[in-house]
Amino acid sequence: MKNIGFIGLGHMGAPMAKNLLAAGFAVRVFDIVPEVVAPLVAGGAIAVDSVAAATQDADVVFTMLQTGEQVRNVCLGEQGIFANAKKSLLYIDCSSIDITVAHELHAYAHEKNIAMLDAPVSGGVSSAAAGTLTIMVGGRAADFQRAQNLFEKLGKKIIHAGAPGNGQAAKICNNLILGISMLAVSEGFSLAEKLGLDAKVFFDISNNASGQCWAMTNYCPVPGILPHAPASHDYQPGFTSHMMLKDLKLAQTAAASVNAAAPMGTQAAALYTQFINQGNAGVDFSGIIKLFQ
Ligand code: NAD
């Protein structure tokens, strides 16, 4: 597998495509926003002007888009991935999207003899840049094996979650935990401050005590604690609040589909909606701490 098409060069897609380039693959890149393409071209990528052009002759096509609707649009139709795929194409969707759309696209791909994996990622922009993402993969075991040499360039923990759609199921449940735990960390740090604790001192305590979690250790929402965290850069994303609400809504839909109780997720979605309605859709999701201050 030499020729890769990469569609969607945003916060996550750009550094992922860059790592594939650095590993020696030929990468054709496409995004509807031309400005995000130029830095990749400077790094050796070939810019193309359509989904079809990124797909024709590609051995593997990646998508890293925001929503299921966007992924469906680039897959289907005359100009889409499936209509322009060569026979042996392996299609890998790394976006975080609805399980139902993932199932629908797996079915279309299967009909056309295209191998497909749903392979959403976790770790954020810094892990995407470092090639240390966690990648959770749904699809056939043989296709998962076929993608190993690519996943190894993008992530450090690559797990086959099982059948088609299971990668998205894992991602949705993971981000449900993340959305809730970011709120818990925000609530805890805000209360600590009001109780007179120094934020750095409290970080030192809780980060080494039972309150420790990823949202705190790697993404603390208090400015000045972690130099790389969005909180220390005026909450520039990162991972926007809009995207976090998208994932919390995906969790609600998934929970309803199997009659599962998800009351914390419901509350988290309500708080993110409130935050976004105050004009914060594009603010990093860790900015939710402002609701408590
Ligand atoms: P983003 O908005 O930064 O990037 C998406 C890119 O897709 C944009 O550049 C956009 O122009 C492009 N795009 C949209 N429609 C297109 C089309 N039809 N053809 C070509 N390009 C198109 O989003 P992101 O933060 O990179 O997130 C991408 C996905 O990864 C989302 O599903 C998100 O939930 C998930 N994710 C994000 C993070 C994070 O920290 N940002 C972490 C893990 C997972």
Side-chain angles (χ1 to χ4, degrees), residues 5-19 28-40 45 47-55 61-77 79-81 84 92-99 101-102 105 118-137 154-155 157 167-168 170-179 182 214-215 218-219 228-231 233 235-251 272 281-287:
F6 206 111
I7 300 164
L9 305 163
H11 291 100
M12 298 296 284
M16 290 169 70
K18 204 170 161 199
N19 283 337
R28 279 183 289 178
V29 291
F30 175 65
D31 195 292
I32 48 174
V33 177
E35 298 83 75
V36 298
V37 177
L40 270 295
V48 292
D49 60 4
S50 68
V51 169
T55 306
V61 170
F62 281 89
T63 47
M64 191 46 156
L65 306 170
Q66 289 184 345
T67 65
E69 191 60 29
Q70 290 175 351
V71 176
R72 191 200 270 119
N73 285 343
V74 304
C75 282
L76 306 180
Q79 294 305 309
I81 293 169
N84 290 279
I92 304 175
D93 178 34
C94 292
S95 329
S96 307
I97 65 166
D98 342 24
I99 301 168
V101 174
L105 295 177
D118 52 292
V121 305
S122 181
V125 174
S126 58
S127 292
T132 57
L133 292 164
T134 294
I135 310 177
M136 47 212 98
V137 188
L154 303 173
K157 188 82 185 164
Q168 294 301 347
K171 175 66 185 175
I172 285 169
C173 296
N174 180 76
N175 274 27
L176 173 66
I177 295 170
L178 175 62
M182 183 55 81
W214 190 94
N218 294 302
Y219 220 96
H228 66 271
H233 302 277
Y235 299 100
Q236 283 170 37
F239 186 52
T240 62
S241 299
H242 172 73
M243 299 285 252
M244 174 49 84
L245 181 60
K246 170 200 65 133
D247 287 352
L248 290 167
K249 286 181 173 171
L250 291 179
Y272 271 98
V283 171
D284 188 81
F285 81 109
S286 57

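Everything numeric in this text was worked out from a predicted model, so none of it was measured. Reckoned from all heavy atoms, side chains included, excluding hydrogens, waters and symmetry mates. Remember, it's 1-based here, ligands and their atoms both numbered in the order they're listed.
- Considering only heavy atoms from C-beta on, Leu154 comes within 4.5 Å of Ile135 through its side chain.
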Ligand 1: which protein N/O atoms lie under 3.5 Å from its N/O atoms?
unit_1   : atom_1 : unit_2 : atom_2 : d
ligand 1 : 2 (O)  : Gln66  : NE2    : 2.6
ligand 1 : 3 (O)  : His11  : N      : 2.9
ligand 1 : 3 (O)  : His11  : ND1    : 2.8
ligand 1 : 9 (O)  : Asp31  : OD1    : 3.4
ligand 1 : 9 (O)  : Asp31  : OD2    : 2.7
ligand 1 : 11 (O) : Asp31  : OD1    : 2.6
ligand 1 : 26 (O) : His11  : N      : 3.2
ligand 1 : 26 (O) : Met12  : N      : 2.9
ligand 1 : 32 (O) : Leu65  : O      : 3.0
ligand 1 : 32 (O) : Gln66  : O      : 3.0
ligand 1 : 32 (O) : Ser96  : N      : 2.9
ligand 1 : 32 (O) : Lys246 : NZ     : 3.1
ligand 1 : 34 (O) : Lys246 : NZ     : 2.8
ligand 1 : 41 (N) : Gly238 : O      : 3.1

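- With Gln79 contributing its side chain and Ala52 its backbone, the two residues share no donor-acceptor pair below 3.5 Å.
- Scanning for side-chain contact (heavy atoms from CB on, under 4.5 Å) contacts around Lys157 gives Thr134, Ile159, with sequence neighbours left out.
- Side-chain atoms of Leu178 and Met244, non-hydrogen and from C-beta on, do get closer than 4.5 Å to each other.
- Separation of atoms CG (Leu176) and CG (Asp247) is listed at 10.0 Å; rounding is to 0.5 Å.
- Using bins of under 30°, 30° to 60° and over 60° for the plane-to-plane angle, the ring pair Phe62/Phe6 lands in the parallel bin.
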